[in-house]
Amino acid sequence: MTNKGFSDLTKEELYSLIQKMKLDLKDKIIIPVHHYQSPEIVQFADIIGDSYKLAVNCSRSEKEFIIFCGVLFMAEGASILAKDEQKILIPEPTAGCPMAEMADLEQVKEAFDKIENITGKKTAPILYINSYADLKSFCGKKNGSVCTSSNAPKIIENFLKKGNVIFFLPDYYLGKNTAVKMNINDKKIVKIKKDLSFEKDKDCKNAKIFLWDGFCPIHQRFTVSDIKTLKEKYNDIKIIVHPESPEEVVKNSDFSGSTEKIFNMVLESKPGTVWGIGTETTFVSRLALENKDKTIVPLRESKCKNMMKNTPVNLAESLSSVIDYLNNNGKLKYEVEAKEEYRENAKKALDKMIEIVES
Ligand code: SF4
């Protein structure tokens, strides 16, 4: 089947062909799907989850091919945790993440040295999982840890207890919201500006946490005024937002939490409850469809274009490439491999997170 062939099929023909290929390959492949993928992709998922759940499940899978329907840093993370004989594929290799691209390794190294110089203490880089292998490797090399939005407090706490100063990156809002939640004094939470100077009027020498100035464009959009609008429109509405949202938005919401927490809270809530949700809109729409006994509305429309780059057509191409590859008849579409030079230390940083969380 040529690529043109897949896009020429009707939806029904394409979906049944994907199901057939999945069945033919059932002992060899697993399809992890991130919560923000379109419903057209979600229907083919073997596991659905946020980045942490998918990373852990992939690391435990014995399947030879992992076709990761998410963005590139997630597939790359799976490749770092994969066994030697496993191959990681992504249907669309240009599915990047603007937040992950906001931290440059050379600048990060410079900022790390500046933090150690000004505090005179051992610094632990705590790296949000939404980042590429070069930074994960740097984090492992400096004995830090990866974290996710759900386990960031636990990971930070673990390193603070050992007397470390935290260098949190790349998402400023997740770092700030987590530090506020942990009751860290505001004077001791320091933003690192774009020119690598430190935020003014802060106690840099005794700071507990330094925050990189990155953000997710999808979650940064939410405002306090969005919350007010929904509160005026719906009686008894509960607002829950992702902690990648701005600090004021998190403060004015009823709850905040990872995508997995949002999913579970809504799922377990009583019929008739009303939810305003501040996260990626494709996910919110699916949640509404799957919970028709509740009223679920987005805080505002905010879609991640990169997440939408995986489609049934390119998923079919990936599956078909596995069949061709097994018949010694072609290249995998598209294999993702973290660079060899980064693998060992990046794995160390990911394993550290799993060790702390599971301890
Ligand atoms: S939702 Fe935000 S953090 Fe997630 S992939 Fe899209 S841009 Fe990156």
Side-chain angles (χ1 to χ4, degrees), residues 32-39 41-42 45 48-55 58 68-79 88 90-104 126-136 139 146-152 168-178 211-223 226 240-247 249-250 256-263 277-287 298-311 314 334 336 350 353:
V33 171
H34 190 268
H35 274 306
Y36 298 172
Q37 294 285 290
S38 73
I41 292 291
V42 167
I48 306 169
D50 64 4
S51 36
Y52 180 73
K53 181 173 167 184
L54 296 181
C58 286
F68 207 115
C69 295
V71 291
L72 196 56
F73 74 77
M74 297 175 183
E76 193 190 57
S79 91
I88 315 299
I90 189 166
E92 175 47 59
T94 66
C97 166
M99 182 208 281
E101 283 146 28
M102 285 179 194
D104 164 78
I126 306 295
L127 182 70
Y128 190 24
I129 199 163
N130 297 23
S131 52
Y132 290 111
D134 56 346
L135 287 187
K136 288 193 175 99
C139 179
V146 168
C147 77
T148 66
S149 53
S150 54
N151 62 37
F168 190 92
L169 66 161
D171 185 21
Y172 170 77
Y173 294 116
L174 176 63
K176 182 76 193 259
N177 288 322
T178 308
L211 307 170
W212 193 256
D213 192 14
F215 60 90
C216 162
I218 311 309
H219 290 92
Q220 197 206 24
R221 269 183 212 139
F222 301 123
T223 64
D226 295 335
I240 182 164
V241 299
H242 195 284
E244 287 171 20
S245 308
E247 191 188 346
V249 171
V250 171
S256 69
S258 66
T259 309
E260 205 64 36
K261 177 171 170 183
I262 295 174
F263 182 83
I277 301 184
T279 191
E280 208 277 340
T281 322
T282 313
F283 166 68
V284 180
S285 305
R286 180 165 62 83
L287 210 52
L299 200 49
R300 73 154 62 208
E301 279 285 312
S302 195
K303 285 194 178 186
C304 178
K305 286 187 196 143
N306 281 289
M307 286 280 182
M308 296 307 111
K309 286 183 176 173
N310 296 315
T311 64
N314 54 36
Y334 291 90
V336 178
L350 279 161
M353 166 180 72

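Counting convention: from 1, in listed order, for ligands and their atoms alike. The shown structure was predicted, so the numbers you read here are calculated from the model rather than taken from an experiment. What's counted below: heavy atoms across the whole structure, side chains too, no hydrogens, waters or symmetry copies.
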Test Thr282 against Glu280 for side-chain hydrogen bond (donor to acceptor under 3.5 Å, both in side chains), laying out the working first.
CA-CA 6 Å; Thr282 313; Glu280 208 277 340; 3.1 Å; yes
Under the criterion ring-ring contact (aromatic ring centres under 6.0 Å, His included), I'd like the reasoning laid out for Phe263 against His35: C-alpha separation, chi angles, the key distance, then a yes or no.
CA-CA 9 Å; Phe263 182 83; His35 274 306; 4.9 Å; yes
Just list the side-chain donor-acceptor pairs under 3.5 Å for residues 70-77, sequence neighbours left out, or say none.
unit_1 : atom_1 : unit_2 : atom_2 : d
Glu76  : OE1    : Ala133 : N      : 2.7

Check for me: within less than 2.8 Å of atom 6 (Fe) of ligand 1, which protein N/O/S atoms show up?
Cys304 SG
Rounded at 0.5 Å granularity, tell me how far OG in Ser38 sits from CE in Met307.
11.5 Å
Using the side chain to side chain donor-acceptor pair (under 3.5 Å) rule, pick out the option among Asn306, Asp50, Thr281, Thr279 that qualifies with Tyr36.
Thr279
When you measure from atom 3 (S) of ligand 1 to every protein heavy atom, which one gives the shortest distance, and what is it?
Asn130 ND2, 3.3 Å
Could you walk me through whether Thr148 and Glu260 pass the side chain to side chain contact (heavy atoms under 4.5 Å, CB included) check?
CA-CA 11 Å; Thr148 66; Glu260 205 64 36; over 6 Å; no
